[in-house]
Every structure is written in structure tokens, then in C-alpha cells.
Amino acid sequence: AIVLQFTMNSISTDFMEKIELSGIKRLLAKASYGISFQGRLNNVVKKHLSTLKTTNGLRGIITFLEILDQLSSTQDFTILALGDSVRNVASNDHHRINQVMAYIVENFRKQLSLQEASSIAHMTPNAFCKYFKKTTRKTFIETVIDYRLNYATNQLVQTEKAISEIAFESGFSDVSHFYRQFKHRMQVSPLNYRTKFVEQISHVT
């Protein structure tokens with residue numbers, strides 16, 4: 001296996017705002033919760049990754065961007081965050097559900113629109129809700145909340161931001177609603193979750 005690791009800090013924010021890199025920016029947003037790529041592109045990317053092992057300097061940066069560019073241009077992928085429920089979708093339906101999941105991943109920190117999501121799937125809102133539940137085994141709203149809570153959980157343990165700030169940044173418009181949803185899922189409050197995590201880390205170190 002060849003593993004290439006990098007952080008978002010490796011790429012300048014101003015650089016990523018260039019219109020030419022909009023596809024890569026969308027790819028990185030989708031990749032927050034994992035993407036599996038299929039098809040012939042895999043072999044092309046493998047060759048680039050092999051080249052990176054012996055390449056550095058400007059050529060290494062160019063190769064790295066070429067990999068991201070090629071991955072951002074394919075529709076032959078599956079978003080992994082929802083597990084087997086999405087991976088088991090019929091192959092001819094991958095594109096439709098992937099487009100909807102990409103919309104959620106890119107916008108879950110904002111106010112999402114059921115109308116817009118259903119239009120991406122080329123369905124009426126009522127038909128879309130039934131299709132989405134059948135495909136993912138969750139409702140559209142439940143899926144959005146899952147993404148928001150996943151993001152909030154990461155922020156709680158990786159930053160020292162106030163819990164109210166994390167709630168709003170995660171897409172919740174009401175802090176009380178965030179507390180209820182978080183406690184329902186994690187069985188502890190956001191504050192207790194952070195405290196327990198810090199205690200566990202201190203015991204390890």
C-alpha cells in the first residue's frame with residue numbers, strides 16, 4: 001500500500017479559492033468522511049503515487065495536484081460515511097445518491113434545502129424522501145444531523161472553542177437543539193464528552 005498524508009494547512013486557503021481549483025475544493029469537502037474510488041482511474045492514480053515516492057520539489061507538488069485534479073473529475077466513487085447502506089446501492093443508481101450526498105457534505109454546516117436536494121435527484125420532495133430513506137435507511141434530516149454531530153464531535157476534541165460556537169459552526173441554529181441531539185446520540189452532554197476525552201488523553205500521556 002502507498003499512503004499519502006497531508007493536512008488542509010498544507011494548501012494555502014487563498015490558493016484553494018482560485019476558480020481553477022474549484023473541483024479539488026469540492027473533492028476535499030466530500031472527502032471529510034471518506035471516499036472510495038472505483039474504475040480505471042485507480043491505476044492512473046497508483047502510477048502517480050508511485051512517482052511521488054521518488055519525486056520532490058516542484059515536480060512533487062505538481063504531481064500531487066494532478067492526483068487531486070483527476071480524482072475530482074470522476075463520478076465513479078462512493079461516499080463511505082453512511083456505511084454499507086450506501087455502498088450496497090445498485091451501480092446504476094450510484095450517481096444519483098452520490099450527488100445528493102455530495103450536496104450534504106458540502107453544505108451541512110449551512111441551512112440545507114430539501115427542495116434543492118430533491119431537485120439534484122430530479123425528484124419531487126415527497127418522492128425524494130421515500131427514495132432517500134429506502135437507499136440509506138435514514139431520513140434526509142437524520143443524515144444531515146449525523147454529519148453535523150460528526151463534525152461537532154471532532155471540534156470538541158480537536159479545538160478549545162466554546163460549545164455554543166461549535167454548535168453554530170456545525171450547522172445547528174439553536175444551541176439547545178444541539179445539546180439534545182448530541183446527548184441523544186452520545187449519551188453524554190457535549191461538555192462531559194470533551195471532559196472525558198481530555199481525561200483519557202491525560203491518562204495515556
Side-chain angles (χ1 to χ4, degrees), residues 1 8 21-46 67-156 166-174 177-187 190 193:
M8 288 305 297
L21 300 179
S22 58
I24 294 178
K25 186 177 179 181
R26 287 193 297 271
L27 168 71
L28 295 177
K30 296 172 191 173
S32 298
Y33 300 101
I35 298 179
S36 173
F37 291 93
Q38 297 90 32
R40 289 175 294 179
L41 178 62
N42 281 358
N43 291 328
V44 176
V45 172
K46 285 178 183 177
I67 292 172
L68 294 181
D69 182 57
Q70 289 176 334
L71 292 176
S72 69
S73 64
T74 182
Q75 295 296 330
D76 198 2
F77 65 85
T78 300
I79 295 176
L80 302 178
L82 296 183
D84 290 338
S85 60
V86 172
R87 287 198 289 273
N88 290 335
V89 175
S91 59
N92 61 355
D93 214 19
H94 271 155
H95 179 69
R96 172 180 284 176
I97 193 62
N98 280 338
Q99 290 295 96
V100 175
M101 295 307 300
Y103 168 72
I104 295 175
V105 171
E106 292 176 21
N107 297 283
F108 71 88
R109 296 172 63 187
K110 310 172 187 175
Q111 291 300 312
L112 279 82
S113 165
L114 176 60
Q115 183 68 44
E116 186 168 354
S118 58
S119 67
I120 291 173
H122 304 290
M123 294 179 171
T124 64
N126 187 48
F128 170 75
C129 288
K130 293 178 181 178
Y131 160 79
F132 193 90
K133 179 69 179 289
K134 180 181 179 181
T135 303
T136 68
R137 301 173 191 171
K138 293 183 180 181
T139 67
F140 176 72
I141 296 301
E142 286 171 343
T143 302
V144 172
I145 290 176
D146 277 352
Y147 274 98
R148 288 174 175 171
L149 290 176
N150 283 338
Y151 181 83
T153 300
N154 288 331
Q155 291 295 296
L156 283 169
I166 291 174
F168 293 129
E169 285 188 357
S170 301
F172 292 93
S173 57
D174 180 85
H177 179 57
F178 166 65
Y179 266 83
R180 288 194 300 272
Q181 292 292 336
F182 191 94
K183 193 167 185 179
H184 175 72
R185 174 174 170 175
M186 307 302 294
Q187 304 302 310
Y193 183 88

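Numbers for residues simply follow the sequence, beginning at 1. Quick caveat, the model's predicted, so the values are computed rather than measured.
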If you take all heavy atoms of [X] and [Y], which pair is closest and at what distance?
{"X": "Val100", "Y": "Ala117", "value": "CG2-O, 4.1 Å"}
{"X": "Gly23", "Y": "Ser72", "value": "O-CB, 3.4 Å"}
{"X": "Ser173", "Y": "Phe168", "value": "O-CE2, 3.5 Å"}
{"X": "Ser119", "Y": "Glu116", "value": "OG-O, 2.6 Å"}
{"X": "Val45", "Y": "Ile67", "value": "CG1-CG2, 4.0 Å"}

Under 3.5 Å, is there a donor-acceptor pair between the side chain of Ser170 and the main chain of Phe172? no

Any sub-3.5 Å donor-acceptor pair from Thr74's side-chain atoms to Leu71's backbone N or O?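 No; zero donor-acceptor contacts below 3.5 Å.
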
Under the ring pair (Phe, Tyr, Trp, His ring centres under 6.0 Å) test, residues paired with Phe128 that sit two or more places apart: Phe132, Phe140

Taking side-chain hydrogen bond (donor to acceptor under 3.5 Å, both in side chains) as the definition, give me every residue that meets it alongside [X], ordered by chain and number, with sequence neighbours left out.
{"X": "Gln181", "value": "none"}
{"X": "Glu106", "value": "none"}
{"X": "Lys25", "value": "Glu17"}
{"X": "Arg180", "value": "none"}

In terms of ring plane angle, is the pair Tyr193 and Phe182 parallel, tilted or perpendicular, where the classes change at 30° and 60°? perpendicular

My understanding is that only residues two or more places apart in sequence, or in another chain, count here; which of them pass side chain to side chain contact (heavy atoms under 4.5 Å, CB included) with Lys133? Thr139

Give, for atom CG of Leu27 and atom CG of Asp69, the distance between the pair rounded to the nearest 0.5 Å. 9.5 Å

Nearest-0.5 Å distance, CD1 of residue Ile120 to OG of residue Ser113: 9.0 Å

What verdict does the side-chain contact (heavy atoms from CB on, under 4.5 Å) test give for Phe108 and Ile145, after you've listed the backbone C-alpha separation in whole Å, the side-chain angles of each residue and the deciding distance to 0.1 Å? CA-CA 8 Å; Phe108 71 88; Ile145 290 176; over 6 Å; no

Test log, rule side-chain contact (heavy atoms from CB on, under 4.5 Å), inputs Leu112 and Arg148: CA-CA 12 Å; Leu112 279 82; Arg148 288 174 175 171; 3.7 Å; yes

side-chain contact (heavy atoms from CB on, under 4.5 Å) assessment of Leu41 paired with Ser73: CA-CA 10 Å; Leu41 178 62; Ser73 64; 5.5 Å; no

Measuring only between side-chain heavy atoms, which start at C-beta, is [X] closer than 4.5 Å to [Y]?
{"X": "Val144", "Y": "Gln111", "answer": "no"}
{"X": "Ile97", "Y": "Tyr131", "answer": "yes"}
{"X": "Ile166", "Y": "Tyr151", "answer": "no"}
{"X": "Leu156", "Y": "Met186", "answer": "no"}

Under the criterion side-chain contact (heavy atoms from CB on, under 4.5 Å), I'd like the reasoning laid out for Glu142 against Thr136: C-alpha separation, chi angles, the key distance, then a yes or no. CA-CA 10 Å; Glu142 286 171 343; Thr136 68; over 6 Å; no

